[in-house]
Amino acid sequence: MIGVGKAKQYTNVLDKPLSRGRQEVSLSAFAFLFSELVQYNQTQVDSITELERRLEDAGYAVGARVLELLCHREKGNRRETRLLGILSFIHSTVWKVLFGKVADSLEKGTEHEDEYMISEKELLVNRFISVPKDMGAFNCGTFVAGIVKGVLDNAGFPAVVTAHSVPIEGQQRARTTILIKFAAEVLHREARLG
Amino acid sequence: MPPAPKSGDALFASVDRVNAELFTLTYGAIVRQLLTDLEEVEEVNKQLDQMGYNIGTRLVDEFLAKSNVSRCVDFKETADVIAKLGFKMFLGVTATVTNWDAEGTSCSLVLEDNPLVDFVELPDTCQGLQYCNLLSGVIRGGIGNVILSNVVLKLFQNAYSQLPETLTVNMVSMKTEVTWVRDMLRGDDAYEMRVKLIKQIPEEYPYKDDD
């Protein structure tokens, strides 16, 4: 009968010791899982914007948890309060833990004060994804944009985060840029903090 | 001569790897989405199993290509190979095969470590949820096709060396049933799946070489 094991390990999952974060699974296992996620969501929606929103929501949940996990494990329970601090946290720590490398670049937008961009030549999640022409500008990087949004929102930096494909000369696959647009209150707070 | 099959650790070292936590959290996001959409835990279980089945049918091709496993003549060997090499190659953990029944058609796969369930606790409202049902679907999809693919590979090897007049391919298709016996999220000490072979149907493949 399921559930009547003799040796109960821990009554509460919060009592279990936190793993060191070194465990790995194969890339293809993740790729298959991600493809099932996208395929399932495709059956549930009628439009591309809805598909993007659902992927973003899925990523949001991941981001929220990643923030808690990493703050506790890597940063000794200290959370960033400055804009540049949280951005470099995402660009280095979060990217390093989730994707095995730091993001390719972090730039400040030239046109607007509240825009920042994280670029990646080839997002891990997009490695085995090909988007058919009739889906236009859809990019599965919206999942990663959701992760970033989850981290930012829960760290107290509300923002609108989107993923864009930027075709590059001489490269077959487009580069992906995650565009972060912070809410006005974040900039006011940042200005007040000096 | 086909190259010798690799050991589980060598296999895992040879594939590209990602952080297990990304995998765990993504799976959690999937289960949460399903629960929100479908609301009934039974429906979610079925959907997870179906997703696992889809993954399993494609996973097995990659497994055969990378692991150089040349021959799995019966169910016993298949189960061993899946537990030692298959699980190791994709999830980085090994499973053990136990409790064979008398006819050799039913066995248990036991997992102590399961990357799908890190950080997970089942709330009271979801007690009927088989959180790891994706895994049972993967096993179902994988086993049903591993012997199939093996036989096809062998036949093509034979075909090119012997060039017979007619070539009829006997494919064996296996159907399995996978049920959960122990589940750590419910308080047990390990994860145990009971894998039962339902039938082996030899199918005549209508392929003649001399047309």
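A quick note: this is a predicted structure, and the numbers were derived from the prediction, not measured. Residue numbers start from 1 in every chain, and the chains themselves are labelled A, B, ... in the order their sequence lines are given, proteins ahead of strands.
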Greatest number of heavy atom pairs closer than 4.5 Å to chain A - which of B:N19, B:T26, B:V18:
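Top count of heavy-atom pairs under 4.5 Å with chain A: B:V18.
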Is there a side-chain contact between B:F12 and B:V93 (heavy atoms, below 4.5 Å)?
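Contact flag for B:F12/B:V93 side chains = no.
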Taking the side chain as C-beta and beyond, is there a heavy-atom pair between A:V66 and A:L98 under 4.5 Å?
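Yes, side chains in contact.
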With only heavy atoms counted, which part of [X] is less than 4.5 Å from chain A, the side chain, the backbone, both or neither?
X: B:M51; value: both
X: B:Q127; value: neither
X: B:L185; value: neither
X: B:V138; value: neither

CD (B:E43) and CG (B:D37) are apart, to the nearest 0.5 Å, by 11.5 Å
How long is the gap from NZ on A:K96 to OG1 on A:T93, to the nearest 0.5 Å?
10.0 Å
Could you label the plane-to-plane angle of the B:W180 and B:Y191 rings as parallel, tilted or perpendicular, counting under 30° as parallel and over 60° as perpendicular?
perpendicular
Looking at A:F30, does the NZ or CZ of B:R17 lie under 6.0 angstrom from its six-membered ring centre and within 45 degrees of the ring axis?
no
Do A:S26 and A:S28 get their side chains close enough for a donor-acceptor pair, meaning under 3.5 Å?
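Yes, A:S28 and A:S26 have a side-chain donor paired with an acceptor closer than 3.5 Å.
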Given that the side chain runs from C-beta out, which part of A:F143 has a heavy atom under 4.5 Å from chain B: side chain, backbone, both or neither?
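Side chain of A:F143 only, per the 4.5 Å heavy-atom cut-off to chain B.
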Decide if the gap between the ring center of B:Y131 and the ring center of B:Y27 is smaller than 6.0 angstrom.
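Yes.
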Verify salt bridge (Lys or Arg N to Asp or Glu O under 4.0 Å) between A:E190 and A:R82, making sure each step is shown before the conclusion.
CA-CA 7 Å; A:E190 200 56 27; A:R82 303 307 303 268; 3.0 Å; yes
Proximity of residues 107-115 of chain B to chain A, residues having a non-hydrogen atom under 4.5 angstrom:
B:P115
